Visitor: 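Below is one structure. I have some questions about it.
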Amino acid sequence: MADRKFSLKRLFQFYDEVLSLPHKNEVARELRDEDDLFLLLVYSDMLGIPNPAFYYTLELYPFIIERFHDWHLRMGMEKSPLDGIRCC
């Protein structure tokens with residue numbers, strides 16, 4: 001009986017992987033786009049775009065500063081557009 005449970009569990013895992021395999025790239029792309037939009041929102045006030053939530057996003061800077069370099073390169077900016085953040 002225990003072998004049967006184990007095999008059913010593995011069968012369900014295999015079934016789930018087969019169904020999700022074609023969509024892994026799409027999901028990864030959507031997550032990256034969502035992350036890029038969030039970083040744009042956080043840094044928007046520094047880029048000159050008014051941000052009504054600037055006060056609340058200010059405390060997030062220490063946590064996301066490490067991802068800033070990858071973000072501005074993905075956005076097509078060769079150098080950091082912000083004077084206060086030197087990453088390149």
Side-chain angles (χ1 to χ4, degrees):
M1 185 73 176
D3 286 340
R4 186 173 180 204
K5 266 188 174 178
F6 182 68
S7 65
L8 282 176
K9 184 178 178 181
R10 290 191 64 193
L11 179 67
F12 286 138
Q13 288 175 345
F14 177 72
Y15 179 73
D16 187 46
E17 288 179 23
V18 167
L19 288 179
S20 66
L21 186 63
H23 305 289
K24 282 188 179 186
N25 287 338
E26 293 174 33
V27 170
R29 188 178 320 114
E30 287 295 323
L31 287 173
R32 188 180 63 237
D33 289 347
E34 192 173 292
D35 191 43
D36 289 345
L37 183 62
F38 174 72
L39 287 173
L40 177 64
L41 173 71
V42 170
Y43 291 117
S44 64
D45 199 44
M46 292 177 133
L47 293 170
I49 304 169
N51 180 5
F54 177 71
Y55 178 75
Y56 301 105
T57 59
L58 190 61
E59 60 190 39
L60 297 174
Y61 285 166
F63 300 106
I64 60 174
I65 196 72
E66 297 166 359
R67 300 183 344 212
F68 180 75
H69 179 70
D70 294 332
W71 175 75
H72 81 75
L73 290 177
R74 252 193 332 270
M75 295 295 112
M77 299 176 239
E78 291 181 18
K79 298 198 181 225
S80 173
L82 305 176
D83 294 332
I85 300 175
R86 301 278 182 212
C87 64
C88 301

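Remember, predicted model here, so these are calculated numbers, not experimental data.
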Visitor: Give me the other members of the hydrophobic cluster that Leu73 sits in, counting Ile, Leu, Val, Met, Phe, Trp and Tyr linked by side-chain heavy atoms under 4.5 Å, directly or via other members.
Guide: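 The other cluster members (ILVMFWY side chains, heavy atoms under 4.5 Å, direct or chained): none.
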
Visitor: Distance from Ser7 atom OG to Phe12 atom CZ, nearest 0.5 Å?
Guide: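 One finds 9.5 Å between OG of Ser7 and CZ of Phe12.
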
Visitor: Quick one: pull up CG in Leu40 and CD1 in Ile49 and give me the separation to the nearest 0.5 Å.
Guide: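 So the CG of Leu40 and the CD1 of Ile49 are separated by 5.5 Å.
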
Visitor: Do Leu41 and Leu39 share a hydrophobic cluster (ILVMFWY, side-chain heavy atoms under 4.5 Å, transitive)?
Guide: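 Result: no, two separate clusters.
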
Visitor: Around Gln13, counting heavy atoms of other residues, nucleotides and ligands shown, do more than 12 lie under 6.0 Å from its CD?
Guide: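 Above 12, so yes.
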
Visitor: On a heavy-atom basis, which atom in Ser44 and which in Asn51 lie closest, and how many Å separate them?
Guide: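 It is OG-CB, 3.2 Å.
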
Visitor: Which is it for Met75 and Trp71 under the side chain to side chain contact (heavy atoms under 4.5 Å, CB included) test, yes or no, and what are the steps along the way?
Guide: CA-CA 6 Å; Met75 295 295 112; Trp71 175 75; 3.6 Å; yes

Visitor: When rounded to the nearest 0.5 angstrom, what distance separates OH in Tyr43 from CG in Leu60?
Guide: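 Here the interatomic distance stands at 9.5 Å.
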
Visitor: What pairs meet the salt bridge (charged side-chain N to carboxylate O under 4.0 Å, His left out) rule with one or both residues in residues 26-37, with sequence neighbours excluded?
Guide: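 For residues 26-37, and leaving out neighbouring residues, the salt bridge (charged side-chain N to carboxylate O under 4.0 Å, His left out) pairs sorted by first residue read Asp35-Arg67, Asp36-Arg74.
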
Visitor: Give me the other members of the hydrophobic cluster that Val27 sits in, counting Ile, Leu, Val, Met, Phe, Trp and Tyr linked by side-chain heavy atoms under 4.5 Å, directly or via other members.
Guide: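 Direct or chained contacts put Val27 with Leu31.
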
